[in-house]
Number of protein chains: 2
Amino acid sequence: MSPYEAPEPTIGRLAIYLRCLRQAAKEGLQTISSADIEQRTGITSGQVRKDLSYFGEFGKPGLGYAVGPLLARLSKIMRLDREQKVIIVGGGNLGSALAGYLGFGESGFRIAAIFDKDEKKIGKKLWQHEIKDTAQLASFNSGAGVEIGVIATPASTAQEVCELLANAGVKAILNFAPVRLKPPAGVVVRNVDLTQELEVLSYFLPREAG
Amino acid sequence: MSPYEAPEPTIGRLAIYLRCLRQAAKEGLQTISSADIEQRTGITSGQVRKDLSYFGEFGKPGLGYAVGPLLARLSKIMRLDREQKVIIVGGGNLGSALAGYLGFGESGFRIAAIFDKDEKKIGKKLWQHEIKDTAQLASFNSGAGVEIGVIATPASTAQEVCELLANAGVKAILNFAPVRLKPPAGVVVRNVDLTQELEVLSYFLPREAG
DNA sequence: TAGATTGTTAATCGATTAACAATC
DNA sequence: TAGATTGTTAATCGATTAACAATC
């Protein structure tokens, strides 16, 4: 159901190329080769060409890629040619940090609203946003039409929040709670598991000889 | 240089098995089969057995795995049989959220200290921790001996912080800044790129027909 | 033209899945 | 014993890498 068929790792790298191209554009470069991209990102030039080839022919042999046009094309492929709004559920530490992190910076994402079900949090201001009651999520989004949600709640309520978001019309969810969500059909979930990341690092710590 | 040779994806799943086993132990289960683990984690039973087989033979045919002993063995393999301490660099939103997130909860990780180079932040209390000057990182850690660091600074200072951590004896780094770090030999880096995650989600949003 | 760099094909690599003999 | 479930081997799948003809 993706617009173009490409391996998932390719999509992750597309985001990296995008960042690289924004930087190149900022530096005033007109043209960039796959070898240049390799140097900036560490992704091999062959891989870069292969990845781009899933979506079309963007370069000119002997010259490379025109920075502006490629940036525009990739932005469109990634649906980042429009402003993407995000709903955050969970007004705790993590939700607050994410709101701050995304709300400022040049991420290109805009916080539409922050929700929590804790009465003690509802009504409080987080950055610009007054925390809303999750009970109002669906009615809020019937107007706002936000398609991306972030779950920054405890694991125990994450599945419930997932369904709430789905019912409100959200189509893609970034989940920080350490549970495997079962999203309804038509909703994509990606997981970021901070504890898991640290545990994997722990594995790679050097050991005593023997 | 890893203790046992296993594919990296396997290590990520080991962390998931660990969480699953902790839960099973909490429920009082004595024994768990790879099929049980599949049901709880979504990872197929064959994959579970394959993953475990890289590290030894832990199960009994016909019976499954003894929960307690397997938990102990995996904890040891992951180096989570001891308390793992973490240094956080960056006392902004993200650093603060991570400190809160890891400091409480049953993650098993303990925050050793939080550092920042911003004079306005140094000395402030974040949860239990008074933010220290990054200039003191090495001297602090010559005593503390922390092996895991988290970079929660802007991209512009991340490489510098990476080197600071490495010089202080940190062996594994979780990097939240959107840059490809070049760590010195002997230091492992994992990246968590929140903007990239959202961008990938954006790609998977449904498109208009045609 | 000569030099550079693309897009793509074929070869390689590595991880997942299927299947089953061994064994509790 | 009969039934269940492991550990492992071989088959499959998918992604990365190497290499090069096409072309600016």
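Protein chains get the first letters and strands the later ones, always in sequence-line order, with residue 1 at the start of each.
Electrostatic pairing of B:Lys132 and B:Asp116 does not count as a salt bridge here, judged by no charged N lying under 4.0 Å from a carboxylate O. Note on A:Arg49 versus A:Glu38: no salt bridge recorded, every NZ/NE/NH1/NH2 to OD/OE distance being 4.0 Å or above. Salt-bridge annotation for B:Glu199 and A:Arg22: present, with a side-chain N of the basic residue lying under 4.0 Å from a carboxylate O of the acidic one. Under 4.0 Å is where a charged nitrogen must lie from a carboxylate oxygen, and between B:Arg13 and B:Glu8 no such pair does. The existence of a salt bridge linking B:Lys171 and B:Glu147 is excluded, since no basic side-chain nitrogen approaches an acidic carboxylate oxygen closer than 4.0 Å. With salt bridges taken as basic N to acidic carboxylate O contacts below 4.0 Å, none links B:Lys76 and B:Asp81.
At distances below 3.5 Å, not a single donor-acceptor pair connects side-chain atoms of A:Asn141 with backbone N or O atoms of A:Ala144.
Here the P atom of nucleotide D:dT8 and the CZ atom of B:Phe55 are 14 Å apart, to the nearest Å. In this structure, A:Lys50 places its NZ atom 12 Å from C1' of C:dA11, rounding to the nearest Å. Between the CD atom of B:Glu8 and the C1' atom of C:dT16 there is a distance of 16 Å, given to the nearest Å. In this structure, the OH atom of B:Tyr54 is 12 Å from the C1' atom of D:dG7, given to the nearest Å. If you measure from atom CD1 of B:Ile11 to atom P of C:dT16, you get 11 Å, rounded to the nearest angstrom. Atom CD in B:Gln47 sits roughly 14 Å away from atom C1' in D:dT12 (whole-Å rounding). If you measure from atom OH of A:Tyr17 to atom P of C:dT6, you get 12 Å, rounded to the nearest angstrom. Atom CD1 in B:Ile43 sits about 10 Å away from atom P in C:dT17, given to the nearest Å.
Residue A:Arg40 qualifies as enclosed at atom CZ: its count of foreign heavy atoms under 6.0 Å is above 12. Other residues, nucleotides and ligands contribute over 12 non-hydrogen atoms within 6.0 Å of the CD atom of B:Gln23.
Residue-level contact check: A:Ser45 touches neither bases nor backbone, having no heavy atom under 4.0 Å from any strand.
In DNA chain D, stems built from 3 or more consecutive Watson-Crick or G-U wobble pairs, each with both distances under 3.5 Å, span C:3-24 with D:3-24.
Within a heavy-atom distance below 4.0 Å of DNA chain D, the residues of residues 28-36 of chain B found are B:Ser33, B:Ser34. Non-hydrogen atoms lying under 4.0 Å from DNA chain D are contributed by B:Glu57, B:Phe58, B:Gly59, B:Lys60, B:Pro61, B:Gly62, B:Leu63, B:Gly64, B:Tyr65, all within residues 56-70 of chain B.
Counting only N and O atoms by type, the side chains of B:Asn167 and B:Glu163 include no donor and acceptor under 3.5 Å apart.
Distances shorter than 4.0 Å separate some side-chain N or O of A:Arg13 from OP1 or OP2 on D:dT16.
Closest-nucleotide positions on DNA chain D for A:Arg49 and A:Pro7 were compared, and the one nearer the 5' end corresponds to A:Pro7.
In this structure the side chain of B:Leu80 never reaches within 4.5 angstrom of the side chain of A:Tyr203, judged on heavy atoms.
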